[in-house]
Amino acid sequence: MGKEKLLLLDGNSLAYRAFFALPLLTNDSGIHTNAVYGFTTMLQKILEEEKPTKMLVAFDAGKTTFRHESFEEYKGGRQKTPPELSEQFPYLRKLIDAYQIKRYEKELYEADDIIGTLAKEASAKDMDVIVVSGDKDLTQLATEQVTVYITRKGMTDIEKYTPAHIEEKYGLTPLQIIDMKGLMGDTSDNIPGVPGIGEKTAIKLLKEYGSVEALYEQIADMKQSKMKEKLLDNEEQAKLSKKLATIFTEAPIEISLDDLNYPGPNEEELLNVWQELSFKSLIEKSDFQMEEKETAELKFDITENVTEDMLQDVMAVHVELENEHYHSCQILGFGFTDGVKTFFVPFEAVHQNEAIKKWLEDETKKKYMSDSKAAQAILKRIDINLHGVVFDMLLASYIANPAISGDDVATLSKEFGYTDVQANETIYGKGAKWTVPEIHVLAEHVCRKAFAIWSLQPVLEVKLKENEQFNLYHDLELPLASILGSMESEGIKVNISTLKQMGEELEQKISALEKEIYELAGENFNINSPKQLGVILFEKLGLPVVKKTKTGYSTAADVLEKLQSEHTIVKYILDYRQLAKLQSTYIEGLIKEVHSEDSKVHTRFQQALTATGRLSSTDPNLQNIPIRLEEGRKIRQAFVPSEKDWVLFAADYSQIELRVLAHMSQDENLVDAFKQGMDIHTRTAMDVFHVPAEEVTSNMRRAAKAVNFGIVYGISDYGLSQSLDITRKEASEFIDKYLQSFPGVKDYMDNIVQEAKLKGYVTTILNRRRYLPDITSRNFNLRSFAERTAMNTPIQGSAADIIKKAMIDMDARLKEEGLKSKLLLQVHDELIFEAPKEEIEILERIVPEVMEHAIELAVPLKVDFSYGSTWYDAK
DNA sequence: GGCGTCACG
DNA sequence: ACGTACGTGACGCCC
């Protein structure tokens, strides 16, 4: 057996060092990780280079140490540990445990003393010893057998202190380092030393006299000087300082060298901890990743004959799809598990199986799923009405943290430390290489998903309850998923011939504009290419450059609008752009999405995507159909009811975000304005410009409206100046005036940013959370962004909470009243229904009633509504 | 696949 | 001194 090598780490000092050396990184849940990360990279490097046989990380035990007996002020005046660092210590301990390295701390002693004691003991047994710290004081421990590693900037840069290195650097022996500190003191530990003596003088004196004691023995012979006076005045203090700086190498520790054997890391545990900390680069680099990836064995069957007795009262079930387009793709198979028996059923077998259909439709048979909305929608296509979903992993994860990206079971599971599911890409390949594997591979993959959902259900339930978010998840998002699924499956009818006709008319106008533009440019070019357009406008025609992008000249609409007076081509380009957008996105794009079987579009509402709690809509996006400009608005004429003598009925919240702001800020002025039912922008203009209502001009109202928008977005003078095309100074004055008129809003904004800094997240009315790790960033940009987000998210998110609740209430109400009317779309602050004419009167009564009372605020909610034979006419 | 642009709330 | 309005999705271009 070779020589033993002992590695002793100074836990506290290394954590502090790493914390201040690295930017404030965070994991996906918003916990700061920079100290743990720096510690880990340092450790990885040293482990690789040194291959120790024994290891220990020593920590300081508490506030007081034996040193305080002789000097009360020891380490006094220290800043208290920043909370961003404190929160990392539990993770640091977890990490060390995963490495299977011993940790130790001892009441009344510092990490230094534990390290000194063990270093001495190990030296006596002829071991090689390496001490690692961020604190140079420990260099006093260096001997022929003990090398002291001090980390420098970046943590992996290490300076190795041997006696020879210390001699070279200071001209002193390691033990004289203590004398040096006795003379010069140490501000960080509040060790006084001799005032006026710094490093240079201390070294000079020690070279001459050898030690503090020898110096004072011979001080009588020293020739008179200011320095001599200072030394004489502070003799006691110098001696005390030396004592304080001396590492105690005979601490009464209970741990022995035999306890310190280092077996190497528990790779599984370590990966879990890294996973939790989001150390993605380390996970990728780790060479044990491959072995670890080997998942635990899962026993499962493949069965075509499912009988009733196999389907339990509570099961996880996963419906495996070809891709995310569940309104058109195929089902590949089903995975079922109750934690004991796990089995795969191919699609064909389910299709024909009455027992499975009955079980899936049975409300009392409880299902744990992930993305139950997708399952509901695709099952509907084969005439199965899914019921009894009591857990949806996708939604639970989203509520726990909306920043979790990815909607497949493998990705979600990993977020919560469960790694026994393969990525879809691994099983199917991607792009052109996508292919369904042989049935055993497919079956195992799907079964593993079901098992993951089964395993994580209790984990997520506990987490949501801890965060007081279980109700939000269970009573809001979960029932909403089913409602959204029905809305998607129902779809909305599109009149293709209307679209085609509009397309033809557009085509004419577009080619006419094209001709004009080529004429004025003097050449043909691709108008759709910002690059080519930039060359024409700013080089060939010599128009002034207003704004640049990363890649060249900006040709955005706000820029072109400023250039209109410079050249007639500009207006043509603006018109061309507008029409080209309509043609490509809303005519051609929409036609591609219409299902031929029913002439309907079936959007997919993404329920677990946005950072704020809003929905989004894809394929097609029905939340951004044009309305602001008449030409575009006409697109809405193509959206029609699915049955004859029905109408489209639209109801929207008026100023919901400002009402939410009034509620949350409790600003008296704003609350009052809404209670009186005033036009909020006019009211804002009155307050900001100090004029009565009748003197508010349209320009004043426009400015006030922009300020109101800005307030909701987390205002900045720059942003407001851009939107109103005024100077920053003017914008800043507007904002000041606004905040003077609405002091409650100012307090709210200040407080919400403070709260975000303290907690690391902000919340909505229904306790939806958004983590804001950048809120403490030292990067101005990142921090400012996070601050604006802290102001905006509770507003936008609470508005989302309200309309989601309204959808649930509305769904119940339609059923209660036995109406045929159907909810089809949600567009952030409005709901769109289709309804038989004879139900219009009822909707006019119940829709506003339900929406206005979805959640009671300190101000009334107001809903406007209308209906017509097309979406365009519902205005 | 990233970027610029533009549609919506 | 920093360089921004908040939240989305789809299109065409270009590498």
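The figures here come from the full heavy-atom set of this structure, side chains too, leaving out hydrogens, waters and symmetry mates. All values reported here derive from a predicted model rather than from experimental measurement. Order of the sequence lines sets the chain letters (A, B, ...), proteins ahead of strands, with each chain counted from 1.
A/Glu830 has its CD atom 19 Å from the P atom of C/dT8, to the nearest Å. Between the CD1 atom of A/Ile587 and the P atom of C/dA10 there is a distance of 17 Å, given to the nearest Å. Rounded to whole Å, atom C1' of C/dT4 lies 14 Å from atom CD1 of A/Ile775. Atom P of nucleotide C/dC11 and atom OH of A/Tyr586 are separated by 10 Å, given to the nearest angstrom. Between the NZ atom of A/Lys804 and the P atom of B/dG9 there is a distance of 19 Å, rounded to whole Å. Residue A/Gln796 contributes atom CD, which lies 11 Å from atom P of C/dC6 at whole-angstrom precision. Between the P atom of C/dC13 and the NZ atom of A/Lys550 lies a distance of 21 Å, rounded to the nearest Å. In this entry the distance linking CG of A/Leu533 with C1' of C/dG12 reads 13 Å, nearest Å.
Defined by atom type and a distance below 3.5 Å, a donor-acceptor pair is present between the side-chain atoms of A/Thr793 and A/Arg770. Between the side chains of A/Thr764 and A/Asp801, at least one donor-acceptor pair of N or O atoms lies under 3.5 Å. A side-chain donor from one of A/Glu539 and A/Tyr553 sits under 3.5 Å from a side-chain acceptor of the other.
In this structure, A/Arg770 reaches the sugar-phosphate backbone alone: every heavy-atom distance under 4.0 Å involves primed, P, OP1 or OP2 atoms, never a base. When heavy atoms are screened at a 4.0 angstrom cut-off, A/Asn779 is found touching no nucleic acid atom at all. Looking at heavy-atom distances under 4.0 Å, A/Ala706 makes contact with a base. Residue contacts for A/Tyr718: at a heavy-atom cut-off of 4.0 Å it reaches a base atom on one of the strands shown. Counting any heavy atom pair closer than 4.0 Å across all strands shown, A/Gly710 reaches a base atom. When heavy atoms are screened at a 4.0 angstrom cut-off, A/Val712 is found touching no nucleic acid atom at all. Using a 4.0 Å heavy-atom cutoff across all strands shown, A/Ile627 reaches sugar-phosphate atoms only and no base atom. Across all strands shown, A/Ala800 has no heavy atoms under 4.0 Å from either base or sugar-phosphate atoms.
Phosphate proximity of B/dT5 to A/Thr555: present, with a side-chain N or O under 4.0 Å from OP1 or OP2. The phosphate of B/dG4 (OP1 or OP2) has a side-chain N or O of A/Thr551 nearer than 4.0 angstrom. Between A/Gln532 and C/dC14, a side-chain N or O to OP1/OP2 separation shorter than 4.0 Å is present. The side chain of A/Arg778 contributes no N or O atom lying less than 4.0 Å from OP1 or OP2 of C/dC2. Side-chain N/O atoms of A/Ser554 include one lying less than 4.0 angstrom from OP1 or OP2 on B/dT5. Between A/Arg577 and the phosphate of B/dC6, there is a side-chain N or O to OP1/OP2 separation shorter than 4.0 Å. For C/dA10, the OP1/OP2 oxygens have no side-chain nitrogen or oxygen of A/Ser584 closer than 4.0 Å. Close to C/dC2, at under 4.0 Å from its OP1 or OP2, lies no side-chain N or O of A/Arg783.
The only member of A/Leu615, A/Leu831, A/Ile656 that meets side-chain contact (heavy atoms from CB on, under 4.5 Å) when paired with A/Ile803 is A/Leu831.
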inquiry  = If a pair means Watson-Crick or G-U wobble with both distances below 3.5 Å, what does DNA chain C look like in dot-bracket form, with | marking bases paired to a different strand?
reply    = .....|||||||||.
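Listed candidates were C/dA5, B/dG9, C/dC6. Nearest to the side chain of A/Leu720 is C/dA5. Minimum atom distance to the side chain of A/Arg728 is reached by C/dT4, of the listed B/dG4, C/dC6, C/dT4. Among the nucleotides C/dC13, B/dG9, B/dC6, the one closest to any side-chain atom of A/Ala557 is B/dC6. Closest contact between the side chain of A/Thr549 and the listed nucleotides C/dA5, C/dC2, B/dT5 involves B/dT5. In this structure, of C/dG9, C/dG3, C/dC6, it is C/dG3 that holds the atom nearest to the side chain of A/Phe780.
The shortest distance between side-chain heavy atoms of A/Asp750 and A/Tyr748 does not fall below 4.5 Å. Residues A/Leu476 and A/Arg768 are in side-chain contact: their nearest non-hydrogen atoms beyond the backbone lie under 4.5 Å apart. Contact check for A/Glu477 versus A/Lys804: side-chain heavy atoms found under the 4.5 Å cut-off.
Note on A/Lys547 versus A/Asp558: salt bridge recorded, some NZ/NE/NH1/NH2 to OD/OE distance being below 4.0 Å. Contact check on A/Asp575 versus A/Arg577 returns no salt bridge, with no Lys/Arg side-chain nitrogen under 4.0 Å from an Asp/Glu carboxylate oxygen. A salt bridge is absent between A/Lys509 and A/Glu505; no separation between the charged side-chain nitrogens and carboxylate oxygens falls under 4.0 Å.
Less than 4.0 Å separates DNA chain B from at least one heavy atom of each of the following residues of residues 603-624 of chain A: A/Arg614, A/Gln623, A/Asn624.
With both ends at atom P, the span from B/dT5 to C/dA5 equals 13 Å, rounded to whole Å. A distance of about 12 Å separates the P atoms of B/dG4 and C/dT4, rounded to the whole Å.
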task = Assess whether side-chain contact (heavy atoms from CB on, under 4.5 Å) is satisfied between A/Leu772 and A/Tyr761, documenting all intermediate values.
result = CA-CA 5 Å; A/Leu772 298 170; A/Tyr761 60 87; over 6 Å; no
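Between A/Phe734 and A/Tyr738, a ring centre-to-centre spacing not shorter than 6.0 Å is recorded.
For A/Lys531 against C/dC13, a side-chain-to-base donor-acceptor contact under 3.5 Å is absent.
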